[in-house]
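Have a look at this one before I ask anything.
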Amino acid sequence: MVKEISDKIKEAVASVEPVETPYEQRGYHLAIEATRTNIVDIVNFFDKSGFYLADMCCVDYIDYLEVVYLFNNHNQVCRVKVTLKVDPDKPSAPTISHIYKIARWYEREIHEFFGVLFDGHPFMTYLFLHDQIDFYPLRKKQVPVPEEDKKLLNSFNPGEQEDGFFLNLGPQHPSTHGVLRVVVKMNGEYMLSAEPVLGYLHRMHEKMAENRTYQQFYPNAARMDYLGALNFNLGYVTTVEKLCGIEVPERAQYIRTITAELNRISSHLLWLGAFVADLGGLTPFLYTFDDRENILDILEAVAGSRLTYSYLRFGGLFNDVDDDFVANVRKFIDRLRSRFSMYERLITGNVIFINRVKNIGVMDETYPLKYGCSGPVIRSIGIPFDIRKHEPYAVYDRINFNVATGTNGDNMDRYLVRIKEMEISLDIIEKALKDLPTGPVKAEKIPKKLKPPKGDIYHTVESPRGELGIYIVSDESDVPYRMRWRVPSYSNLMTFPQLAEGSLIADAIATLGSYDLVIPEIDR
Amino acid sequence: MCGLDNIIAIVGKEIVRLILGLIGVLIVVVVNALILTWVERKVSGHMQKRIGPKEVGPYGLIQPIADGLKLLGKELLTPANVDKPLYYLAPVIVFIPVLVSFIVIPFDGFLQVKDINVGILVILAFSSLSVLSILIAGWGSNNKYSLIGATRSVAQNIAYEIPLLLSLLPVVFMANSLSLKDIVEAQRDGWFVWRWQFFAFLIYFIAATAETNRTPFDLPEAESELVAGFHTEYSGMRFALFFLAEYTNIFIASAIATTFFLGGYLGPVLPGIVWFFIKTYFLVFVIMWFRWTFPRVRFDQLLNFSWKILIPVAFANLIVTGGILKL
Amino acid sequence: MGKGGFHLETKEPIIKLAIAEKFINLARANSIWPMTFGLACCAIEMMAAAMARFDIARFGAEVFRPSPRQADLMIVNGTVTKKMAPTVVTLYEQMPSPKWVIVMGNCAISGGPFAFEGQYNIIEGIDKLIPVDVYVPGCPPRPEGLLEGLMKLEEKITGTRRFPVPEQKW
């Protein structure tokens with residue numbers, strides 16, 4: 001696959017030299033250096049070959065800015081890194097937003113944080129930041145925002161330029177689960193267009209990463225996605241371990257898997273309740289919370305907190321689990337299995353519920369390619385893309401499990417996929433518990449100040465919401481040079497404007513609920 | 001006592017009865033709302049594996065009084081840019097039909113403020129007024145969510161008024177009277193719900209749930225979509241009046257169902273008024289049960305359900321009943 | 001009158017509203033309706049406090065009103081960013097008085113873990129913008145913490161505490 005792509009791109013685009021990179025250390029198979037003139041051709045090539053834009057970010061090397069495009073394939077893992085050098089004094093690059101729709105947001109984001117202007121981008125306004133900011137936050141040197149840029153960034157004022165019935169969903173609205181704001185243009189009950197406005201909870205995680213040592217950054221990972229904290233924790237820890245080449249003991253790997261899956265179930269349970277609450281049924285919310293509390297008890301006993309766990313450490317765990325943990329998890333598995341039939345009767349079989357979600361918010365196969373969405377959202381379309389299967393981490397390669405998929409890509413399928421995923425997670429936990437080996441849970445000789453070798457790495461894990469990617473650039477110091485988080489909700493949410501267009505407001509809210517959004521994760 | 005006799009002689013027995021009745025109705029309305037808020041919170045609690053209000057008084061019984069006192073003591077906030085006359089008027093209007101409806105409901109054989117021979121028409125005519133106040137509230141609030149809620153409410157009430165009426169008419173045919181008391185008395189041989197009018201009862205109950213804006217038909221105040229719907233901008237006592245009216249409407253809807261289909265105050269051993277309240281509160285409980293079980297329907301589904309299913313079925317039921325009675 | 005000394009009688013109010021005031025305060029303390037308002041991680045714990053295990057309904061505070069006009073209590077539960085701050089202030093101003101604010105979590109108290117040198121996007125402490133009644137620290141605080149915060153608020157309103165303070169055994 002890698003060889004094939006490498007040959008093909010040489011044919012398709014002139015003067016391109018793909019370099020094969022060691023996947024085990026770098027996390028991507030191919031690296032391509034692009035120039036201003038051929039970047040659009042390269043991106044076009046990947047679009048035609050069925051690749052999706054997994055991530056797009058920027059790194060400030062002081063002498064030059066580097067825009068990084070990361071591509072991947074849904075069928076067979078082939079990660080490609082394309083880099084484009086940009087002049088730091090007058091940074092600009094050609095836009096690719098007409099090829100990949102998700103790039104529309106990525107480019108706006110890069111423009112806000114680095115000042116790179118993308119020529120031909122249709123809608124360059126503030127996405128994350130407040131409008132009083134007067135410098136580009138992620139640049140290494142203090143770079144002020146020029147006046148013309150400020151004007152451009154402040155140009156989104158719905159209702160002032162055009163006529164129409166505008167409705168602000170959020171930032172304080174019961175259905176946005178946090179502080180998302182969606183500016184909706186309405187015609188009666190129908191939505192004509194929807195434009196999400198992000199950044200109401202931008203907590204500067206990426207900036208903080210450049211101010212903290214690797215160890216000091218543990219808690220941030222948990223606070224980025226508070227519902228899937230252990231999965232984010234796991235993603236961060238495995239990335240750095242991969243970068244430094246740290247071996248993790250067997251037992252620790254198993255426990256990581258078990259706790260991450262428990263966390264996934266608790267996240268899905270909360271989503272399930274919130275989703276039905278969005279549709280107007282409040283009671284299931286309390287039932288799922290009741291089940292969720294059991295998981296929190298188990299995890300609290302080992303990790304010490306209820307929500308924002310920083311349980312994992314580089315090279316292992318904070319501490320070992322005891323027999324009580326194993327017994328409690330077994331008890332919980334039995335309990336939750338018996339509860340599924342109740343949820344079936346209460347929710348899945350309810351006529352009103354079925355009518356509300358069936359054939360609503362239908363996605364087709366083009367969505368994952370154009371938007372790079374992931375997780376249950378794309379599995380509901382029928383694409384069995386799961387990082388746990390495709391690029392296994394922890395012990396997922398040793399455990400045999402299915403990937404839940406749907407067929408239609410509507411809200412009902414997204415619901416069913418998540419329900420099935422909970423059952424699969426229970427299976428995984430059960431199998432992992434059976435094989436749980438004894439031994440140490442911490443690797444020996446992990447330095448107090450971790451100084452990874454020079455280079456960059458892109459590593460992904462499957463968070464409850466989809467593909468979580470972490471891109472770290474290290475300069476051999478104990479502080480990351482640049483840490484970029486590719487978060488799943490971000491690209492999932494990007495599909496919302498297209499799905500909401502022309503739908504009823506009630507359906508749009510059901511669709512918004514079906515994404516399982518966690519706003520701090522999007523805003524970072 | 002002499003004074004009272006004189007007054008009665010001067011103004012007539014009926015007027016005194018009416019005034020006393022109105023005072024009684026006011027008490028019933030307030031007490032009923034207090035009880036229902038408590039019941040709702042307890043019912044929701046127990047359905048959701050919680051206990052609900054517990055610490056405020058024994059079993060949380062004083063909770064509604066605390067709520068009421070608190071709402072009385074809240075600032076009456078008038079937002080800028082509201083249409084003031086309409087904004088002030090809406091909570092008052094919402095309350096009038098509620099009071100009038102109570103006048104004709106027979107709580108017992110003699111406990112009825114006034115037995116009007118077109119009783120059911122009075123109730124139906126006045127209960128249609130409540131939608132007017134919702135519309136006024138939604139329009140006067142100068143809030144987009146309120147406006148959407150109000151327009152939804154109007155469409156919904158128009159759609160469900162018809163099956164409501166159509167489901168009550170067969171009973172009127174069978175009882176040969178529009179007076180609620182006569183209708184109850186006609187059920188001495190058996191409740192109408194068991195005498196061929198089961199479908200009418202079902203239709204009435206669904207339509208009444210919709211008319212009172214309860215889940216699964218609570219679209220005018222759909223929390224996840226419209227924040228608080230038509231009363232988004234109302235605070236303090238004005239909001240409390242909407243709240244009061246909602247619970248009283250539930251009670252009236254259940255009371256009519258009791259009167260028309262479940263034999264009203266008729267029942268063995270216990271006095272009539274006890275039977276009346278048992279039946280009514282059971283239906284209220286069922287409406288609450290709906291709320292804490294079902295998700296909300298969508299707007300077009302709501303209207304389709306009424307126009308395409310409820311109205312034809314109710315109409316067929318009416319024709320069949322009429323035909324059989326005539327034969 | 002007659003409390004000894006030479007107190008002027010006019011010092012006593014002509015209409016004694018103290019008892020009514022006391023009753024209304026008691027009612028207020030027992031019926032604190034929070035606003036449905038979630039910012040970040042702490043919002044989940046706030047939800048947990050309303051759910052089956054912790055059940056804030058026991059104290060009559062489960063009526064989460066989505067509209068600020070009908071709420072008595074704002075629970076600021078999460079990081080307040082500079083973009084969000086105007087909204088938080090607006091929401092506070094939209095609430096009818098008497099109104100209270102519980103600040104939940106370190107982020108809203110002082111910026112918490114996100115206050116560092118060179119930060120550009122958060123308000124370090126919501127009390128710089130709106131008056132705060134009770135602070136509940138933690139990251140995030142447990143639901144019990146929020147319940148204790150509610151007790152503290154009730155104590156503040158009525159002057160007496162609902163439950164005795166548990167004995168400290170360490």
Side-chain angles (χ1 to χ4, degrees), chain A residues 159 164-170 172-177 184-191 273-291 293 339 342 345-348 350-358 360 411 415 503-510 512-513, chain B residues 40-52 138 142-156 206 209-210 213-229 232 288-305 308-309:
Chain A
F165 183 52
F166 280 94
L167 196 66
N168 257 323
L169 289 181
Q172 184 257 345
H173 188 276
S175 74
T176 53
H177 305 293
V184 186
K185 196 179 175 190
M186 308 266 296
N187 177 17
E189 288 270 329
Y190 287 91
M191 282 185 170
F275 180 51
V276 184
D278 276 349
L279 299 173
L282 269 177
T283 302
F285 204 3
L286 284 100
Y287 283 41
T288 56
F289 244 88
D290 191 35
D291 286 338
E293 288 286 347
R339 299 273 285 185
M342 191 266 290
R345 273 176 288 140
L346 187 64
I347 307 168
T348 322
N350 190 318
V351 181
I352 297 174
F353 177 78
I354 293 172
N355 282 326
R356 281 298 304 277
V357 294
K358 200 129 203 171
I360 306 297
N411 288 350
Y415 164 81
S503 75
L504 283 162
I505 184 170
D507 285 344
I509 278 165
L512 201 61
Chain B
E40 172 114 275
R41 287 166 84 166
K42 272 292 189 196
V43 165
S44 73
H46 284 282
M47 282 188 182
Q48 296 170 342
K49 310 184 84 177
R50 317 184 269 122
I51 32 181
N142 190 26
N143 179 314
K144 288 167 182 172
Y145 292 115
S146 303
L147 188 60
I148 298 177
T151 48
R152 276 183 179 189
S153 179
V154 172
Q156 178 177 341
I206 293 169
T209 316
N213 297 337
R214 296 284 294 186
T215 316
F217 309 110
D218 64 338
L219 288 129
E221 41 194 308
E223 190 178 305
S224 60
E225 293 157 34
L226 302 180
V227 186
T232 304
M288 286 176 180
W289 194 354
F290 284 168
R291 171 162 180 191
W292 299 110
T293 311
F294 291 131
R296 186 181 305 122
V297 300
R298 206 172 58 211
F299 194 60
D300 54 329
Q301 292 167 348
L302 173 92
L303 295 184
N304 280 340
F305 184 59
K308 290 185 181 162
I309 298 172

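Because only heavy atoms are used, hydrogens play no part in the values below, and waters and symmetry mates are left out as well, while side chains stay in. Here is the naming used below: chain letters follow the sequence lines, and residue numbers restart at 1 for every chain. Quantities reported herein were computed from a predicted structural model and do not represent experimental measurements.
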Between CH2 on residue Trp292(B) and CG on residue Leu286(A), distance to nearest 0.5 Å: 9.0 Å
Interchain contact, Ala510(A) with chain B, by part (heavy-atom threshold 4.5 Å): neither
Portion of Asn350(A) that has a non-hydrogen atom of chain B nearer than 4.5 angstrom: side chain
Atom pair CG/CG of Asp300(B) and Asp507(A) - distance to nearest 0.5 Å: 7.0 Å
Interatomic spacing from CD1 in Ile352(A) to CZ in Phe217(B) - rounded to 0.5 Å: 6.5 Å
Nearest-0.5 Å distance, CZ of residue Arg298(B) to CD1 of residue Ile505(A): 13.0 Å
Whether Glu189(A) side chain and Phe299(B) backbone form a donor-acceptor pair below 3.5 Å: no
Interchain contact, Phe353(A) with chain B, by part (heavy-atom threshold 4.5 Å): both
Heavy-atom proximity to chain B below 4.5 Å, by part of Leu282(A): both
With Phe305(B) via ring pair (Phe, Tyr, Trp, His ring centres under 6.0 Å) - residues at least two apart: none
Euclidean distance, Asp290(A) CG relative to Gln48(B) CD, rounded to 0.5 Å: 11.5 Å
Nearest-0.5 Å distance that lies between atom CG in Leu279(A) and atom CZ in Phe294(B): 14.0 Å
Polar side-chain atom of Lys144(B) near backbone of Phe166(A) as donor-acceptor pair, under 3.5 Å: yes
